[in-house]
Undergrad: 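Just dropping this structure here.
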Amino acid sequence: RLGAGGASLLRLAFAAVVLCAMCRPSLRKARPHWRLVAAFGLVVGLMNYSFYEAIARIPLGAAVTLEFAGPLGLAVLLSRRPADVAAAVVAAAGVVLITDPFGDPLDPAGAGLALAAGAAWALYILCAQATSKAFGNGDGLALALVVATAVPLVPGVAQAGLALVDPWLLAAGVGIALTGSVIPFSLETAALRRMDARVFGVLMSLEPVAAVLAGLLILAQGVGGADLAGMALVVAASLAVTRRPAAPEA
């Protein structure tokens, strides 16, 4: 009903309203970090809009799995242990299995948009960690979401039109904002104050598993043997990395 742009717009706009009401960020205190906030907001906006455009074209599990290429690549780049690189390779194998490259080919535009969302996801991890350290609370995230809303604004209005004022769709937008942005983004920024981006990036490998299960249970998108094998590899790689202490700082 809303299109990818309209759904992304409502999600980000309502999330920005809720977090700004909760945190009441000070623009004066945020002034020294305005470049970081702007970059964080741009990354969040691109990540969300690209993802919604992707799942409009390809199955949910495949989209999230391709998107995971971003945090997986970040985990490999930031790792200083050969075992962590090996675990990332195992997770990548699981990602490939879930994507099922030997079955029906994915829509190229959808796959490309999912990969673009993945690149933004990797940058999101770095920006979220820097923002959480700079602000120490939710102020930076709240302001970044205001900036992020500008990304899908024009395509969202163009795609959704008068559907943006439909009461039921507005209520759905509030629900998406709370469950898709306010709660997870707040928990992620809090987590990034307590762990390094390498471990966080691999922990995110559980998201493709959740997406495949959601596609099966909610959207009736089938799950085959390759999907189950891929999920097992991804979970095993996540456990291997997170059970090992981070490398000492140089």
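Since this is a predicted model, take the numbers as computed values, not measurements.
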Undergrad: Assess whether side chain to side chain contact (heavy atoms under 4.5 Å, CB included) is satisfied between Leu12 and Val44, documenting all intermediate values.
TA: CA-CA 9 Å; Leu12 293 173; Val44 171; 4.0 Å; yes
Undergrad: Would you give the length of the straight line joining atom CG of Leu126 to atom CG of Leu74, rounded to the nearest 0.5 angstrom?
TA: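 It comes to 5.0 Å.
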Undergrad: Rounded at 0.5 Å granularity, tell me how far OG1 in Thr149 sits from CG in Asn48.
TA: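 Spacing of OG1 (Thr149) from CG (Asn48) equals 9.5 Å.
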Undergrad: Same cluster for Leu60 and Tyr52 if Ile/Leu/Val/Met/Phe/Trp/Tyr side chains link at under 4.5 Å?
TA: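 Leu60 and Tyr52: one cluster.
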Undergrad: Taking atom CG of Leu36 and atom NZ of Lys133, what is their separation to the nearest 0.5 Å?
TA: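 Going from the CG atom of Leu36 to the NZ atom of Lys133 covers 11.5 Å.
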Undergrad: Looking at Ser132 and Gln129, would you say the former's side chain and the latter's main chain have a donor-acceptor pair under 3.5 Å?
TA: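 Looks like yes, one N/O pair under 3.5 Å.
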Undergrad: Might you work through the side chain to side chain contact (heavy atoms under 4.5 Å, CB included) test for Ser186 and Leu19, ending with a clear yes or no?
TA: CA-CA 9 Å; Ser186 298; Leu19 272 180; 3.9 Å; yes
Undergrad: Does any non-hydrogen side-chain atom of Val64 lie less than 4.5 Å from one of Phe51?
TA: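 They are in contact (side-chain heavy atoms under 4.5 Å apart), so the answer is yes.
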Undergrad: For Trp121 versus Met47, what's the shortest heavy-atom pair and its separation?
TA: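 Scanning both residues completely, I find the closest heavy atoms to be CA-SD, 3.7 Å.
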Undergrad: Considering all heavy atoms of both residues, which atom of Ala116 and which atom of Ser50 are nearest to each other, and what is their separation?
TA: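 Smallest heavy-atom distance, with atoms named: CB-OG, 4.4 Å.
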Undergrad: Hydrophobic clusters join Ile, Leu, Val, Met, Phe, Trp and Tyr when side-chain heavy atoms are under 4.5 Å apart, directly or via other members; which others share one with Leu187?
TA: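 Members alongside Leu187: Ile183.
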Undergrad: Is there a chain of hydrophobic side chains (I, L, V, M, F, W, Y, each step under 4.5 Å between heavy atoms) that links Val151 to Val182?
TA: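 No, Val151 does not connect to Val182 through the hydrophobic network.
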Undergrad: State, to 0.1 Å, how close Phe14 and Val174 come at their nearest heavy-atom pair, and which atoms those are.
TA: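 Taking every non-hydrogen atom into account, CD1-N, 3.8 Å.
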Undergrad: Hey, what do you get for CG (Leu145) to SG (Cys20), rounding to the nearest 0.5 Å?
TA: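 Answer for the CG-SG pair, Leu145 versus Cys20, is 7.5 Å.
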Undergrad: I'd like to know if the side chain of Arg57 reaches the main chain of Ala109, judged simply by a donor and an acceptor atom lying under 3.5 Å from each other, with no hydrogens or angles considered.
TA: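 It does not hold such a pair.
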Undergrad: Provide the closest heavy-atom pair for Ile58 versus Ala111 in the form atom of the first, atom of the second, distance.
TA: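 Scanning both residues completely, I find the closest heavy atoms to be CD1-N, 4.1 Å.
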Undergrad: Between Val165 and Leu153, is there shared hydrophobic-cluster membership here, with clusters defined by ILVMFWY side-chain heavy atoms closer than 4.5 Å?
TA: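 Val165 and Leu153: separate clusters.
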Undergrad: Going from CZ on Arg1 to CH2 on Trp168, what distance comes out if it is rounded to the nearest 0.5 angstrom?
TA: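 The CH2 atom of Trp168 is 12.0 Å from CZ of Arg1, to the nearest 0.5 Å.
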Undergrad: What closest approach, in Å, do Leu178 and Pro184 show between heavy atoms, and which atom pair accounts for it?
TA: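 It is O-CD, 3.9 Å.
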Undergrad: Do Leu170 and Leu164 share a hydrophobic cluster (ILVMFWY, side-chain heavy atoms under 4.5 Å, transitive)?
TA: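 In one cluster with Leu170: Leu164, yes.
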Undergrad: Would you say Tyr49 ends up clustered with Ile125 if hydrophobic residues are merged whenever their side chains have heavy atoms under 4.5 Å apart, either directly or through other cluster members?
TA: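 No, it is not one cluster - the side chains of Ile125 and Tyr49 are not joined through contacts under 4.5 Å.
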Undergrad: Is the shortest side-chain heavy-atom distance between Leu9 and Val157 below 4.5 Å?
TA: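 Yes, at least one pair of side-chain atoms sits under 4.5 Å.
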Undergrad: Determine, stepwise, if the pair Leu141 / Phe40 fulfils side chain to side chain contact (heavy atoms under 4.5 Å, CB included).
TA: CA-CA 8 Å; Leu141 176 60; Phe40 190 19; 4.0 Å; yes
Undergrad: If you take all heavy atoms of Gly45 and Ala148, which pair is closest and at what distance?
TA: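 Heavy atoms only, the tightest pair is N-CB, 3.6 Å.
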Undergrad: Can you tell me how far the CG atom of Leu213 sits from the CD1 atom of Ile218, to the nearest 0.5 Å?
TA: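 Going from the CG atom of Leu213 to the CD1 atom of Ile218 covers 10.0 Å.
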